[in-house]
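Data block below; observations after.
When a residue number appears, it is its place in the shown sequence, counting from 1.
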Amino acid sequence: MSVRTLPLLFLNLGGEMLYILDQRLRAQNIPGDKAHRVLNDIISTMFNRKFMEELFKPQELYSKKALRTVYDRLAHASIMRLNQASMDKLYDLMTMALKYQVLLCPRPKDVLLVTFNHLDAIKGFIQDSPTLLQLVDETFRQLIEVYGGLSAGEFQLIRQTLLTFFQDLHIRVSIFLKDRVQNSNGRFVLPVSGPVPWGTEVPGLIRIFNNKGEEVKRAEFQHGGNYVTAPKEGSFEFYGDRVLKLGTNMYSVNRPVETHMSGASKSLASQTQQSIAPNPLAKEELNFLARLMGGMEIKKPSGPEPGFRLNLFTTDEEEEQAALTRPEELSYEVVNIQATQDQQRNKELARIMGEFEITDQPRLNASKGDDLLAMMDEL
């Protein structure tokens with residue numbers, strides 16, 4: 001496990017979340033000023049300096065539910081509200097998109113290019129906000145400083161850690177199914193064509209060397225694919241052509257996106273149901289959430305501007321049906337950590353979560369899980 005994985009995981013998932021929310025805000029004809037405010041508020045929270053400082057500290061990844069709690073708070077950092085079914089779908093789309101991108105990275109190091117693509121797109125959302133652009137640019141520089149000098153082996157460990165995190169997720173996404181890059185069982189199709197990784201040759205040639213390192217023989221073989229040499233390496237600089245398209249906005253063309261649980265995922269969920277026994281990482285996960293959320297600053301909205309609910313489904317009926325049919329084991333409504341075992345940390349989280357509350361907005365009945373401690377009490 002790499003202790004340098006969390007910033008890349010968070011920033012890439014956050015970028016996917018912004019892509020999806022931007023598409024849904026446009027699809028539901030939310031007024032431009034409100035949509036703009038939602039994206040700005042979320043980006044401001046994501047790239048808060050204290051939050052980034054905590055994020056970039058070397059640390060292991062924690063459970064999907066612990067991270068999901070952070071994104072639940074992040075999605076509700078503005079006047080927009082999502083109910084449980086829409087939040088589940090949002091998180092499913094985020095995770096499956098990033099899993100696809102990490103799987104298809106030509107080289108482990110290209111995970112960084114995927115991250116840069118997300119940050120480049122995020123900067124496009126905030127062109128009229130110099131303050132937010134400065135925050136994103138600071139994160140850009142931090143990424144270059146932290147990851148620019150890592151070896152290929154260290155990037156391989158990061159990629160392996162990411163793939164382990166996504167290992168059991170096989171949720172079918174309509175865009176991937178239509179583009180035939182995902183099978184009906186939720187597993188992705190790896191291509192056998194296109195450019196090979198930068199710095200490598202097109203397969204098909206075997207070189208044989210003697211004990212002096214001299215080439216003595218060549219043999220060719222049929223590789224069965226349609227590969228070409230990479231035209232150039234993507235830029236790892238602050239500005240430049242990333243070349244790699246993974247991590248760019250696949251929702252820029254407006255088309256509906258559906259998610260479905262595959263049979264394999266349903267059976268797997270029943271096998272991996274959370275144990276009722278105390279989790280040995282429970283205290284660490286609670287500390288992790290306290291540190292991470294303590295770094296977030298949620299700006300209280302000024303004025304009586306009403307909130308609104310965003311639906312990730314085409315209709316309310318589809319959203320209600322999704323909530324009823326989703327396997328309970330795959331719902332992220334509850335963070336499975338034993339909060340009651342640490343009363344002092346419990347109070348600290350209560351203080352932090354109190355700062356997250358947006359008191360000026362009407363609370364919608366569909367909004368679930370607005371109090372982390374209440375969620376924990378449900379365990």
Side-chain angles (χ1 to χ4, degrees), residues 13-48 68 70-97 118-129 131-133 135-136 173-175 248-259 296-323 356-370:
L13 285 177
E16 288 300 318
M17 182 175 76
L18 290 166
Y19 292 165
I20 298 162
L21 292 179
D22 173 61
Q23 189 269 339
R24 292 310 301 162
L25 289 165
R26 286 185 280 110
Q28 287 188 216
N29 296 317
I30 301 299
D33 57 336
K34 283 190 175 183
H36 187 261
R37 176 177 175 178
V38 167
L39 296 181
N40 276 24
D41 286 349
I42 292 174
I43 293 170
S44 175
T45 305
M46 267 185 71
F47 291 93
N48 173 269
R68 159 64 195 265
V70 175
Y71 287 105
D72 191 280
R73 285 291 164 181
L74 192 57
H76 293 91
S78 188
I79 57 175
M80 177 191 70
R81 291 293 174 267
L82 300 171
N83 72 13
Q84 186 65 33
S86 283
M87 190 66 215
D88 285 340
K89 179 176 179 178
L90 174 63
Y91 195 67
D92 287 345
L93 289 171
M94 291 159 51
T95 52
M96 290 306 291
H118 280 115
L119 294 191
D120 288 339
I122 289 172
K123 289 172 70 173
F125 289 136
I126 51 173
Q127 285 298 324
D128 59 345
S129 178
T131 303
L132 292 183
L133 281 171
L135 289 177
V136 178
V173 179
S174 60
I175 285 182
T248 55
N249 191 352
M250 66 178 178
Y251 307 98
S252 54
V253 177
N254 199 5
R255 50 178 174 169
V257 185
E258 301 300 331
T259 57
M296 284 186 175
E297 289 184 3
I298 305 298
K299 296 181 179 179
K300 297 288 199 306
S302 56
E305 186 176 353
F308 66 92
R309 184 173 71 89
L310 188 70
N311 189 348
L312 267 286
F313 297 82
T314 307
T315 64
D316 288 343
E317 289 75 16
E318 286 184 21
E319 187 177 46
E320 292 170 4
Q321 183 63 25
F356 271 73
E357 294 299 329
I358 302 177
T359 56
D360 294 337
Q361 301 305 324
R363 302 181 67 84
L364 302 175
N365 292 333
S367 299
K368 298 181 181 179
D370 278 336

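- Note that the NZ atom of Lys89 and the CD1 atom of Ile20 stand 9.5 Å from one another [nearest 0.5 Å].
- At a threshold of 4.5 Å between non-hydrogen side-chain atoms, the residues Val38 and Ile30 do not count as touching.
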For this session: Output, in order, the C-alpha distance, side-chain angles, deciding distance and verdict of side-chain contact (heavy atoms from CB on, under 4.5 Å) for Met46 and Leu18.
Result: CA-CA 11 Å; Met46 267 185 71; Leu18 290 166; 4.0 Å; yes

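- Taking every heavy atom of both residues into account, Ala97 and Glu16 meet most closely at CB-OE1, 3.4 Å.
- In this structure, Ile126 and Leu133 approach most closely via the heavy-atom pair O-CG, 3.4 Å.
- Of all the heavy atoms in Leu119 and Val136, the pair that sits closest is O-CG1, 4.3 Å.
- By the 4.5 Å heavy-atom criterion applied to side chains, Ile175 and Tyr251 are counted as neighbours.
- Considering every non-hydrogen atom in both Ala75 and Met87, the closest pair reads CB-SD, 4.0 Å.
- To the nearest 0.5 Å, the span separating CG on Asp88 from CG on Leu93 amounts to 11.0 Å.
- The NE2 atom of His118 lies 11.5 Å from the CE atom of Met17; values are rounded to the nearest 0.5 Å.
- Considering all non-hydrogen atoms of both residues, Leu82 and Leu310 come closest at CD2-O, 3.2 Å.
- Note: Tyr91 OH to Asp72 CG = 10.5 Å, rounded to the nearest 0.5 Å.
- Side-chain contact between Ile79 and Asp41: absent, with no pair of heavy atoms (C-beta onward) separated by less than 4.5 Å.
- Heavy atoms only, all atoms of each residue included: Met94 and Tyr71 are closest at CE-CD2, 3.7 Å.
- Under the side chain to side chain donor-acceptor pair (under 3.5 Å) criterion, Asp128 pairs with His36, not counting sequence neighbours.
- Residues forming a side chain to side chain donor-acceptor pair (under 3.5 Å) with Asp22 (at least two apart in sequence, or on another chain): Arg26.
- When atom types are taken as modelled, the side chain of Ser44 and the backbone of Asn40 share no donor-acceptor pair closer than 3.5 angstrom.
- Here the straight-line distance linking atom CG of Leu39 with atom CE of Met80 works out to 8.0 Å at 0.5 Å rounding.
- Between the CG atom of Asn48 and the CD1 atom of Ile43 there is a distance of 13.5 Å, given to the nearest 0.5 Å.
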